Engineer: 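I have a structure I would like to understand better, so I am pasting it below and will then ask my questions one at a time.
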Amino acid sequence: MIGRSWMRWYLLTGLCLVVVRCAVAETTDEDPLPAGWKQLTHDGHFKQRPAWSPDGSKLLFTRHVGESVRVIVCDATGTNEKRLLEDKHPRMDAVFLPDGKRLAFTFDKVTPGQGDMELYLCDSQGEHLQPLFVTQGKLTHEEWASPSPDGKWIACTSTRDDNAELYVISVDGKEKQRLTNHPALDVHASFSPDGRKIAFATNRWDNFEIAVYDLQTSLITRLTESPGLDDYPAWSPDGKQIAFASRRDGDLAVFVMQADGSKPRNVTQSNGSANFPTWTLQGEITFCAYRNGAWDIYQCRP
Amino acid sequence: MLEAGRIRSVNCGRLSRRSLLQIGGLGALQVTLAELLHSNVASAESAPPAKSVILLWLWGGPSHLESFDPKPAAPLEYRGPYAPIATTNPGLQVCELFPKLAARAHKYSVIRSMNHESNDHGIAGTISLTGSIQGARSLGGINLPGQVLGTHGSVVSKVDGIHARVPRFVTIGKKLYQGPQYITGDEGGSLGPIHDPFRVNYVPGTGVELPDFKLIDGVTADGLSHRQKLLERFDQLTRFMETSAPAQRLDVFYDRAISLLTSPETRGVFDVDKEPVKLRNSYGRHHFGQCCLLARRLIEADVRFVQVNWSSHVEGSEDGGDWGWDMHDRYFQIFQDRHSWQLDQAMSALLDDLDSRGLLQQTVVVAVGEFGRTPKINPKAGRDHWNQCYSAVVAGGGFTPGLVIGSSDSLAEHPLTRPTKPADLFTTVLQQVGITTTRLTSVGLTPLGHAIEELT
């Protein structure tokens, strides 16, 4: 045991000599940004579900920092970030309604309401919250809102009937309709631009695959059949293609296929992981990717 | 608070910038790393197969079906949305979200028949980390009868002795919580606080923190650059030390702190920034990845038992926790987006890194949580607690790799063959690093389980 007088000297001297300095990054070991990619954020924290405003001027996304889960809005270049919906409880997966004036988002009421997630609406500044899809009396989660093109309906998932099923609900919250009824998980709805179909992910054929629900016929059509999971479908603005995340090539990557499921191709071929695709008005794909040890939002042309 | 031991390798705004920590020398007062880290224990027994243990503690309880015991033939409401994939071990399939671990299955063995008596995180945590239910604290805050036993790392500390200047037992991560309260069983327990883990933490974007030095209110690392202020504060510290009985009992921590602070070599052990960028990235720059890398550095520095806590809270961040595995709802979404690839990446990199340095044969790597998840998917697209059957992974340390030990029934609800308790698992692990029955009894301890002979 070192004596206290020595200890004092040791501590004093050792601590005084601590120097922390920042060194130049060793960029040689980092994967360069693939040609045609743009990086929109640079903080490296885990993110999910980027979503564009109808005019393409604002980008929403959810950022996880430690124990906080927050909705962020920024300009199209990734600048001028602003936190929305500040609260101690997680709020996530916000999307603009077609009028650009309102957002739909998932509100997670934490323990003791563990797992009690609800859909809310708010204005574009994150104010004036209004419950949209709330199930009373039991722990359920309503989540992953996808507005119809006319802004009258929201497609989403709810577990209110004891399994994750697809629903549509009117934006005033007064009408709701369950679309699927299957012991599998039906999740991550995405309205088609013509408002007639909803793409979603389901494991009814074993692992997660992309399918389309036809709102007129109630028929479900399988679009993908791959060994790895396929998830998070997103229609292109012209309705001709669907982007989705897939592990069929090993790492999670963003793929694009025709709306009938044909011609799937990996559009983010790079090391790391790419997830949560969404489209810009110009037909580019915005997504979250894990590259060089950091999660950020990127954009590329498929 | 005195944050004298806090090491922060500051990132300058971006993760792509690399931080380095430099510590000035102390001239003649420096001692060599070998001297500082020299083991004091000279066992009369033959050399054990392994030297060290890295416990990857998956707090919150990962699903055994979505990891190392998939059940593709089970009904849809059991088997979940992921397919199993083949591995380099012909007798083993794992979840498709673990492709890297699948490619390294020849390096580890899986126990598919773990079980114990409680589905309460706190109690299950104590059972798993001490081998005994004694003194466990339930969700309701009730302490069960008996004195809490020392956790596995503290047993190593007790048997090996503690006067080495680098701790025998390091936990990377904060204390373990269930809800708002600490659990018991992750510290020295009945062996005394002297065998508590030396606790460090890694914060992405900030670096390694050594919170054990936070002892005196009013002193922060920020103030250390002001010499006069520093002098005054150390005067305060000295007075505190000389007049406070509790502080005197903390001498052992100061001793460890001094060793770490005054030696560039030992202090440098905690500086993961010294690793090549490519290697750091291979572990993943996330919390768990860098903690695994830090664990390897500590093992290299002769720390005998390193526990890496996946999280401090059981709950995921959406439920007010810090990314734990306790996902009662949205299990699959969170698992596929975050947990699965981080565990796959970090554990694979750890196995590769240890192997390439010739350390895997002398280092036991264990990955396990306090229990598994309900085989039947619940109405919230999640899985609840399931203590009756779950899986553990054991690698390195001279253990036989490529085994599948025990089995579960068709729904992964119960062990079908070779039921195995946490005490059995850790009796086996400790025995492999020389903590034998003879040595345990020599310090008044006894093994709590039966060794898994198939592994050795």
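Note on naming: letters A, B, ... go to the chains in the order of the sequence lines (proteins, then strands), and numbering restarts at 1 for each one. Quick caveat, the model's predicted, so the values are computed rather than measured.
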Engineer: Measure D161(A) against the heavy atoms of chain B and call it side chain, backbone, both or neither at under 4.5 Å.
Structural biologist: neither
Engineer: Of the backbone (N, CA, C, O) and the side chain (C-beta and beyond), which part of E143(A) lies under 4.5 Å from a heavy atom of chain B, both, or neither?
Structural biologist: side chain
Engineer: Kindly check if the number of other-residue, nucleotide or ligand heavy atoms within 6.0 Å of CZ (R83(A)) is above 12?
Structural biologist: no
Engineer: Tell me, out of Q345(B), K100(B), H313(B), who's got the most heavy-atom pairs with chain A below 4.5 Å.
Structural biologist: Q345(B)
Engineer: Run the salt-bridge test on E225(A) and R248(A) with the 4.0 Å N-O cut-off and return the result as yes or no.
Structural biologist: no
Engineer: Quick one: what part of L185(A) sits under 4.5 Å from any heavy atom of chain B, side chain, backbone, both or neither?
Structural biologist: side chain
Engineer: For D206(A), is it the side chain, the backbone, both or neither that has a heavy atom under 4.5 Å from a heavy atom of chain B?
Structural biologist: both
Engineer: For Q290(B) and R280(B), test the side chains for any donor-to-acceptor distance below 3.5 angstrom and give the result as yes or no.
Structural biologist: yes
Engineer: Counting only heavy atoms closer than 4.5 Å, note whether F332(B) contacts chain A via side chain, backbone, both or neither.
Structural biologist: side chain
Engineer: Do H121(B) and H385(B) have their ring centres less than 6.0 Å from each other?
Structural biologist: yes
Engineer: Do the side chain of H286(B) and the main chain of A346(B) share a donor and acceptor less than 3.5 angstrom apart?
Structural biologist: no
Engineer: Can we call the ring centroids of F287(A) and F276(A) under 6.0 Å apart?
Structural biologist: no
Engineer: Heavy-atom distance under 4.5 Å to chain A: side chain of L97(B), backbone, both or neither?
Structural biologist: both
Engineer: Between H287(B), R79(B), Q333(B), which has the largest tally of heavy atom pairs under 4.5 Å with chain A?
Structural biologist: Q333(B)
Engineer: Ignoring hydrogens and geometry, is there a side-chain-to-backbone donor-acceptor pair from D43(A) to H45(A) under 3.5 Å?
Structural biologist: yes
Engineer: Only one of Y232(A), F200(A), F105(A) passes ring-ring contact (aromatic ring centres under 6.0 Å, His included) with W144(A); say which it is.
Structural biologist: Y232(A)
Engineer: Can you name the residues that form a salt bridge (charged side-chain N to carboxylate O under 4.0 Å, His left out) with D93(A), not counting sequence neighbours?
Structural biologist: none
Engineer: Check for me whether the distance between the ring centres of F98(B) and W341(B) falls short of 6.0 Å.
Structural biologist: no
Engineer: By a 4.5 Å heavy-atom criterion (distance strictly below it), what part of F46(A) contacts chain B: side chain, backbone, both, or neither?
Structural biologist: side chain
Engineer: With chain A as the partner chain, list the residues of residues 70-78 of chain B whose heavy atoms fall under 4.5 Å from it, by residue number, and write 'none' if nothing qualifies.
Structural biologist: L76(B), E77(B)
